[in-house]
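One structure is given here, and the rest of the page talks about it.
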Number of protein chains: 2
Amino acid sequence: MLAGAARPRMPASAARSRLVEPLSGETRLMLRAAQLYYRLNLTQDQVGERLGVSRFKVGRLLDRALRESAVRIEIVHPAARLVELEDELTDRFGLGGAVVVDVASTGSEQDDELLARERVAGAAAVHLASLQPTGAIGVSWGRTMLEVAAHLRPGWTAATEIVQLNGATSQSARPTRAHEIVERFGATSGAAIRLMAAPAIVGTPGLRDALEQDPSVGETLAAARAAQTAVFSMGVLGPESVHVASGYLGATDLAALGEAGAVGDILGRFVTRAGGIALPSLDRRTIGLPLEELRAKTLTVGVVAGAGRGPIALAALRVGCVRVLVTDEATASWVLDHA
Amino acid sequence: MLAGAARPRMPASAARSRLVEPLSGETRLMLRAAQLYYRLNLTQDQVGERLGVSRFKVGRLLDRALRESAVRIEIVHPAARLVELEDELTDRFGLGGAVVVDVASTGSEQDDELLARERVAGAAAVHLASLQPTGAIGVSWGRTMLEVAAHLRPGWTAATEIVQLNGATSQSARPTRAHEIVERFGATSGAAIRLMAAPAIVGTPGLRDALEQDPSVGETLAAARAAQTAVFSMGVLGPESVHVASGYLGATDLAALGEAGAVGDILGRFVTRAGGIALPSLDRRTIGLPLEELRAKTLTVGVVAGAGRGPIALAALRVGCVRVLVTDEATASWVLDHA
DNA sequence: CGCGAGCATGCTCAAATGTGCAGTCCAGTG
DNA sequence: CACTGGACTGCACATTTGAGCATGCTCGCG
């Protein structure tokens with residue numbers, strides 16, 4: 001028998017086979033290269049040797065694998081998302097930096113609030129230390145700032161003076177504990193301290209001006225102005241606000257602020273979603289550093305934590321008075337989603 | 001007021017903070033480096049510049065990220081698994097190579113069987129061509145080999161002769177079509193062909209010997225022995241076997257084989273799970289190249305596809321008569337799981 | 001207070017990798 | 001059949017990365 005007979009009857013499947021590509025040899029090679037290179041950590045040279053191709057070809061195969069995403073490089077660390085949020089915040093708002101912390105949920109809403117404040121404050125204290133601020137540092141008060149103070153480690157800064165940025169004295173049952181905050185900032189650093197002996201908000205603009213001009217308050221205010229660094233937290237508007245608890249704001253003021261679109265306060269100054277002063281009449285009765293002056297500082301660290309703090313965080317960013325933001329993941333996400 | 005006052009009363013949370021590590025700055029840095037390096041494709045130098053650290057440190061951070069698997073490199077191509085199976089088969093059985101094809105499931109068991117055979121046969125034809133066999137090529141017969149033949153492309157080899165490896169003539173209603181296979185192998189390559197004019201299995205060892213010594217069969221058998229390359233498929237034992245359909249095996253033989261632990265056949269020779277001849281008495285009645293001689297060849301390509309072919313594939317590997325295995329994913333997995 | 005172990009840092013040098021370029025092959029075309 | 005454009009290959013060279021090593025720093029211990 002000889003070759004060359006007429007083509008014999010063959011199954012129809014021969015034609016079909018063109019449709020289902022059986023995986024090209026080139027792709028096979030690419031995957032083998034990827035396995036050897038990424039899994040076994042061989043060099044491209046070694047891969048080439050095993051596969052019988054030049055190292056250049058291996059390089060090109062790996063390149064293709066990456067471009068066609070046959071190989072995926074993923075950052076799987078649980079904290080990666082936080083770092084991403086930090087970078088996005090920094091970019092989007094032109095910040096000098098951002099710290100976003102992860103807050104494990106406890107199940108209880110109240111516990112979450114406490115935990116968030118605690119973790120964020122801790123991070124703020126650590127970050128603050130890493131920034132090595134010098135000269136005078138201005139600080140605000142509030143529950144968050146109290147936590148920040150509690151987390152400061154001795155010797156965290158070489159700053160020479162700690163200055164209270166806004167009024168805080170109170171006769172109410174719920175004191176502001178602003179002096180504790182300032183004292184701890186001073187005690188942990190060896191810096192001198194300067195308190196602001198005045199309420200946060202007084203009854204009339206006239207009294208405000210009189211107090212601010214009196215040396216007892218005026219000198220601190222001048223120091224607050226001169227400080228190149230400021231650390232502050234932000235408050236939300238609502239019946240649970242420290243300003244209400246401390247007796248500065250009554251129901252009337254609250255209602256007016258709500259109507260004016262206030263979302264919270266920075267150094268006792270209530271601002272709207274867009275970052276403007278919500279109620280100028282109230283602002284003129286507020287004692288402490290104005291926001292324009294806060295904005296002018298070299299380094300400002302804004303600390304904000306807890307559910308519902310998104311709007312005031314965003315407002316603060318819009319005011320432009322935050323150079324470094326320290327917050328929790330939920331707030332960071334909210335801000336980026338609503339910016 | 002002065003600094004240095006006794007440490008004020010502070011919330012208990014300060015102590016708690018030691019427990020919940022707020023994500024160390026080093027880790028943060030590592031993740032930022034990973035993002036910049038892997039996502040943005042900066043060089044380590046550029047990453048270092050942005051992060052304010054030396055390129056050495058960046059390298060070490062990335063190293064750590066990889067070691068702590070904060071970064072995962074994954075090969076996601078759907079065919080990656082196949083390549084992995086190929087490598088594993090090659091390693092585990094010391095093969096010269098393996099081709100594993102992916103068979104999309106159709107839902108119907110029968111269609112799957114056909115599709116698997118078709119795809120595997122196609123892959124075998126392509127791979128065979130890439131191996132560029134020369135001289136004489138021995139071939140077996142069967143449904144799978146028929147498909148392989150159908151997929152051969154003209155000019156696929158420069159071989160000079162195609163030789164049938166084992167007997168196949170049949171008077172039954174279901175012919176073996178062995179001549180079609182050999183003819184197509186020849187027609188697509190321009191090689192001469194040599195058929196084996198004898199049944200696969202005859203009634204007595206005496207007749208087998210007589211036939212093998214007669215020039216009509218003997219010359220082909222000698223050529224089969226001399227060929228340096230062989231291509232063959234494997235059959236399963238069971239009522240649907242081609243040997244039954246072609247009338248070589250009766251119910252008695254089938255039962256005896258089953259009892260002897262046969263799992264299938266290679267060139268008409270039935271073997272056990274472990275790779276031994278299942279029924280020597282039957283083997284002495286089988287016409288064609290013995291397995292020892294198949295094993296001695298330079299290049300042998302075994303093609304096996306379809307559900308339930310795992311045991312015979314494994315047996316063939318254990319016999320050591322397969323240098324290159326071409327099969328489907330299911331069979332490859334089965335073999336590796338049961339080896 | 002001095003000492004040394006352990007560790008992180010940055011350096012030099014070599015290895016590994018990417019890039020631009022020139023040569024080659026091949027399919028399609030006039 | 002010659003030609004041409006495009007894809008692919010391997011090479012020389014520049015860049016990037018890794019490895020080993022000396023230095024300096026911290027921290028605990030005597």
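The model shown is predicted, which means the values in this text are computed figures rather than measured ones. In what follows, every chain begins at residue 1, and chains take the letters A, B, ... in the order their sequences are listed.
Between Leu62(A) atom CG and dT17(C) atom P there is a gap of 9 Å when expressed in whole angstrom units. The distance between atom CG of Asp45(A) and atom C1' of dG18(C), rounded to the nearest whole Å, is 14 Å. Spacing between atom CZ of Phe56(A) and atom C1' of dA14(D) amounts to 13 Å, rounded to whole angstrom units. Leu42(B) has its CG atom 15 Å from the P atom of dG18(C), to the nearest Å. Leu61(B) places its CG atom 14 Å from the C1' atom of dG10(C), with the value rounded to the nearest Å. To the nearest angstrom, P of dG20(C) lies 12 Å from CG of Asp63(A). Atom OH in Tyr38(A) sits about 10 Å away from atom P in dT17(C), given to the nearest Å.
Between dT17(C) and Tyr37(A), a contact under 4.0 Å exists linking OP1 or OP2 to a side-chain N or O. Close to dT9(D), at under 4.0 Å from its OP1 or OP2, lies no side-chain N or O of Ser54(A).
Contact check for Val53(A) versus Val58(A): side-chain heavy atoms found under the 4.5 Å cut-off.
Distances from the side chain of Thr43(A) to the nucleotides dT9(C), dT9(D), dT17(C) place dT17(C) closest. Distances from the side chain of Gln44(A) to the nucleotides dT17(D), dA8(C), dG18(C) place dG18(C) closest. Candidate nucleotides dA16(C), dG10(C), dC11(D) were compared by shortest atom distance to the side chain of Arg60(B), and dG10(C) ranks first. For Lys57(B), taking side-chain heavy atoms from C-beta onward, the closest of the listed nucleotides dG10(C), dT9(C), dG18(C) is dT9(C).
Among all heavy-atom pairs drawn from Val100(A) and Leu89(A), the shortest one is CG2-CD1, 3.9 Å. When every heavy atom of Gly135(B) is checked against every heavy atom of Ala159(B), the shortest pair comes out as O-CB, 3.2 Å.
One N or O donor and one acceptor, one from the side chain of Arg55(B) and one from the base of dG18(D), sit under 3.5 Å apart.
With rounding to the nearest 0.5 angstrom, the NZ atom of Lys57(B) is 10.0 Å from the CG atom of Leu51(B).
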